[in-house]
Structures are given as C-alpha cells and as structure tokens.
Amino acid sequence: MTAEPIFPRVPRPAPDAPNVLAIVLDDTGFAQLGCFGSDIATPNMDRLAAGGLRYNRFHVTALCSPSRASFLTGRNHHAVGMGFLADIPLDHHGYTTRIPRSAATLPRILRDHGYSTLAVGKWHLTPRFERSAAGPFSHWPLGLGFERYYGFLQGDANHYAPNLVQDNHYVDPPTTPEEGYHLTEDLVDRAIAYLDDQSYAAPGKPFFLYAGLGAMHSPHHVTPEWVEPYRGRFDHGWEAWRTEVFQRQVESGVVPPGTTLTPRPDWVAAWDDLTPDQRRMYARQQEVFAGFLTHTDAQIGRLLDHLEETGRLDNTIVVLFSDNGASAEGGIDGSVNEHRFSAGVRESLEDNLAHYDDWGGPRTYNHYAWGWAWAGNTPFHLWKRYTWLGGTRTPLIVHWPAGIRAGGAVRDQVIHVNDLFPTLLEALGIEPPETVDGVEQQPIDGASFGASFDDGGAPSPRDTQYFEMLGSRSLIHGHWKVTTDHVSKGVLDEEELFTGSRSFDEDHWALFDLSTDFAEAADVSAEHPQVVAELRRLWDEEAARNHVLPLFDGLVDRFGALIGPAWPAGDDRTFRPGAAPICDESLPMLFGGFRITAEVEAGDAPDGVLLALGDWNGGFALHVTGGRLSFAFARAAGVLEVVADRPVPRGRQSLGVAHLPGPGAPAFHLLHGDTVVGSLTFDGLLPFALQHGGAGLRLGHDAGLPVSDRYRIPARWNGDLHSARIQTPGHAQPDPLAELRAALHAD
C-alpha cells in the first residue's frame, strides 16, 4: 500500500520572477501627462516614460468599468458582461456586470502561481445591489482573486471623505478632512504598507499590486498649495493650450509628423467669444485640475520611490494607463457640485464663481468645463463615452528596467487594453489556464504585444478590434477605422448641442485611414464605400460573437431588463447602533416620501447626531443642536434645513421628521412623537441619488464631512439612542433618466 500526499505543494515562482504594478488612472486624456505633450507637471510618470516605453496607439473601451474588466480578464468587455457600468446590471448576456467564472482574472491566475495579489483604490466591478455588507462578495476584489483590498467600490469618491472598503467590509477613513486627509495619499500609504507586510512575511515572493486611483475623475479635489503654481497658466484658453500641446506632441514623437489636428467642434465655445467671467472661471477649473494631477503624480512618485529604496523597482513591470479619455461630464460650464447633473439641476456660472476661491476644496464636488476635456484629448475628437479616439485612445507607459532596454522610446503598435493580460502573463512565463476550479475558460480576446518591448518594428498583435459604448460604435481593421456619429442619450448638454445621429438606422459610418491619419481627422468613406461595407459587416460579426446586441444608447430602453436586488431594502426598516456604516443601497429610497424616527433617551442638554448619511454635497442628517431637533437635507442645489420651535424635553421619546409629497409645495415636518414642532416648505423634488460614490448611514454620530454647518463631526449623541426607523410609501419608482445620469457621473 502506497501513501500519497494529499496536500499539494504551494506554487513557487522562479527566483527572478518579475513583480507587476498596474497603475490605472481615471478620466485622463491622451494629452494630459507631461510625457504625452502636456505642460502640467508629472515628473514621476515622465520618469517612467523616460525609462520605459510610451505606446501612442493604445486603446480602451471609452468607459471605466468595461476597461477595467477587459484589463483584468483579457477579454472584450461585453464578453465578460461589462458592456456598460457596474451600476446598471441587466439580464442581457453582455450587460450583466458580473465577470463570469469562465474568465478568471489576472490576480486569480497570479495567486494560483504563487504571487501575492494586492489592490488599492477604485474597483467599480461589483454589480449594484451586491455592494452592501451582506454581499455576495464573489465580485468584490477578494472574490475575484485579490488577497488584500483597500479602496472604494463605486465609480467615484469624495477625496476628503470617501466611502471606503477594507477587504470585505466598510470602514471610516483613518483621519479627518481637518487633519489633512486625502484619498490618494491614503491609498498610496496603504499600498506601501501592503508591500512591506508582504515582503516581511514572505521574503522574495513576487507581487501583483493593482493601484486603481480615483484621480483624475471628478471631483478634482486638491489643497491650494498644489494649485497655486498654476495660477494664470491657462488664461490663454483651451484652443491656444491645445495648439501648444500638439506642437510638443509632434516634437517629442508621441504624435507622428504630418498629423492633422482635429478642429474645434461647434459645441465647444471659442475662447475669444467668452465673457471675462467665463474665461476667469474656466481657467480656474483647469488650474485646479492641473494641481490635482500634479498631486496624483507625487503620490505615484512615493510608491515608485518605495520600490526603488527596497530594491524591487528594476524587476517590477509597471504598466500605467487611463481607463478612458478625458471626461466632459462637467458640461459647458463645469460644475461646483457634479451631483447637480443626476438631479437635473442646471449649472450656473454665478454659482461657480461664488466658489472660485475654494474650487477643489471640501465644499465642492467639482468638474471642469468640457472645453478642457476636448483639449485634454489632443489631437483627437470627442471624449469619454464615445468610441472616437478621444474616448478610446489614452496614454500607456510600460516600465521594466530588467526587461526593456529601449528606455524613452515611443511604440506605435495598435493595441487594446485586453492585450495587457496576455502580455503580462507571457512576460511572467505563465500559460493561461484552460480550466479554473473545473470551469472551462472562454477564449482570450487579447494578444501579447511583448515582442515590441525589444523590437519597435514588431507587428501589432491583432488585426481587428471592435468598440461599442452607449450606441457609439467603431471598429479597427488593419489600417482602417470606421466610426459612427451616434449621439447617446442622457447627457443634457450633448443632447441639445451635438451634431450627429440619434437613430441607429441613420448613423453615418465615417472611414479613416489610420496609417496616414493618426488623429482620425479625414473621413474618406465617400471614396471607399466598399471598405465601409466590409468593416460594418465585420463589426456585426464581432457584435454577435461578443454579445453586444441588443444595442442601447440610453436607459429607458433597458430599464425593464434591470437586475434588481435579491434582497430588496423594503419600505420599513429599523436599525440599531453598533454596526458599520450601512450601505445606502440597503435603505428604503426617500425621494417618494418618508418618515424617519429615532427612539432616544435625552438628558438635560441633549446634543448630537441621531442619524446621518452623506454630507453637504448630498445627504441628510437628523440631529439635535442647541437643544433643538433639526433636520438637514443636502440637495445638489443646496442644503434645506428646518429647526424645531421648542427644545427637546428630557426623557425617553421619539424624535423624527416626515416628508410626504403631494398637492402644493413639498415640506419637511419635524416631530416630537406625533406633534409637529417645525416645518419647512421648499421648491422642487428630492433627488434619486444622493452620492455618486455611495454613502453609509451612521447612527449616533457622523464622520467625514457634515450635512449641516450646525454641527461639527463627529457630533456624538450625548444621550441613549435605542433605534432608528425609516418608513417610505414603497410605491414610488425611480426616474430612468435619473438612473442613467447618476450612473454616468459615478463612473
């Protein structure tokens, strides 16, 4: 009888196995890094480019969740269910927002081969209604192959007071805004700590670190000392700045000679036609964006310095890219509080100017005017969400001193974000598995471009790549590219001002010869109708193979396919103190009316927060200040607040607020038991979405930023809080367009 060992040996990579660091920027255009032509200071990213390779024909999907899914799986985004944002899961194959087990992720594969797998920052790959404390956690970072995680699950975050997750639970930031907290700094601190923990515990074990930064997505949050060096730098406007950037791009070789700079579209105002106040405000928005980018670069520098000091940088493959082109979701004017968009509130130059001095500070949730997004994608047309090159072609830097000798070179192979997956596996000497956990793996759509590390003349890894986002369609095949003029629904300024088709049947397919037209500037479809026909046929084939169909260019047409929560929040919930922040998706929806009550024991001088969610950018708080019950509700247009007309009496009692929309002006009514002790009428409706980045309900205190200036964080309730109850009518349905606006601005 022979005894066989039952415990398999732990995989152990080769002694010289490279580490991998993936730095994923958000909403960063092709022209916004110094090494891609910008005059914004990015010395640490420039340092990576000088010691590595810049790829000037690198493509992504035009939106966040899809690009990140493609990177982590090596598959096309529809093929892994991420045809749109994780916030809108649909029961169509290409849009479930659930990465299937047949597409095992890069961290899962590397973990199985003996790597430590660590992640910090933005995730945005967990389906809506699976982001609460109950999970399920199969599509959280730890469920998809990472061993440690610290960051945020949604598409954006307040950089002064984010909605944070550690591993599989929600946590508060380690310090407060008053103490100087900033999300990017915190993420890099945690990344360095993870690397130290890993190296101390397992010396020599290689790692994969995924750093998905919240920058440069709005809000462009940064403190004044980072902005001050840029004061006055953009007063000459976006057209002149764009021309300067383009000249540097050509001179540096990141854009080939002879490239035609695409013209300014009619819907982007000429700088000279703007009023002095408009120019002043718009220039300030770009100054803050520039400071935010330089601050982000400095944090990346801290991470690189740590790797260098610990002797690991030379044998670390660093890939740095952006998930889509620059974002135009600030609209024509930019926004002091981007939640206005999902609430359907028009932007106001006057409101923006009122926040000129604190633009980018905790009082703002700011985004720049879309003229800067257009300029940030120089030399291309359009921006994020469109499959023109302005949405899909972004910077890519690959740095690996131990494996790349041609430091500082520019590579022009046509590649896609899904090509990074097989390229990294090949560089690590790992074969993609045929099965994982007994599940047969679906074909990998990407192909390795590793040959270009040493050979600038190596061919592109593949011949064909389709693109689709919100009905915008394109396809690259060889040196040709076709692109539709389709305009998606849901972005107010674009719907009103864009030229282009609103009907799939009437879309014009423009044709571009990328071998001579780097910027997609000259439509030659009239000269080559047979090429257009062939590429449209190929697009149809790719769409069928990757589950792109049916096409959606808005939300109303897909709302009936929404995958709802398995365990709905219901319309009557009671909560008790002691839990972690309660995810807003676990709460009844308030926009159709509510009654909120807190069962308390009050002393002689009652004070503090009874319950609070969100902050002054969007949220609500029931609190006692100066001995009187107060309710604050922050809408994107401002904070509504009502104060009781009498003090809170001593003893056990019910304190609350009611809002029942109906005929006449809507109102809030403060309650001592069933007695109304204060009322406030107001215009308009309550928003569907309070915080794009999600928020947690806290009982008996608040954290981060307050909803009202009447109390100071943490404002702990100085009595006993027994429970809090939220009741809603339960019949109101969200506005589908509001759903789409909230999802788009959360990306």
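Computed from heavy atoms alone, side chains included, the values below leave out hydrogens, waters and symmetry copies. Bear in mind the structure is a predicted one, so any value in this text is a computation, not a measurement.
Ring planes of H77 and Y466: parallel class, angle under 30° (limits at 30 and 60°).
Each of L396, T423, L420 was checked for a side-chain contact (heavy atoms from CB on, under 4.5 Å) with I415, and the lone residue meeting it is L396. When the options F449, F453, F30 are evaluated for a ring pair (Phe, Tyr, Trp, His ring centres under 6.0 Å) with Y55, the one that passes is F449. With L48 as reference, L304 is the one residue of L304, L33, L53 to meet the side-chain contact (heavy atoms from CB on, under 4.5 Å) rule.
Taking a cutoff of 4.0 Å between a charged side-chain nitrogen and a carboxylate oxygen, D189 and R302 qualify as a salt bridge. Using a cut-off of 4.0 Å between Lys/Arg side-chain N and Asp/Glu carboxylate O, R393 and E520 are scored as not salt-bridged. Under 4.0 Å is where a charged nitrogen must lie from a carboxylate oxygen, and between R47 and D305 at least one such pair does.
Taking the centre and axis of the six-membered ring of Y150, the NZ or CZ atom of R190 falls inside the cone set by 45° and 6.0 Å. Judged by the 6.0 Å and 45° rule, R473 forms no cation-pi pair with Y386.
In this structure, F146 has its ring center closer than 6.0 angstrom to the ring center of F208. Remark: aromatic rings of H78 and H547 are distant, center separation not under 6.0 Å. For H220 and H159, the ring centers are positioned 6.0 Å apart or more. For F58 and F321, the ring centers are positioned less than 6.0 Å apart.
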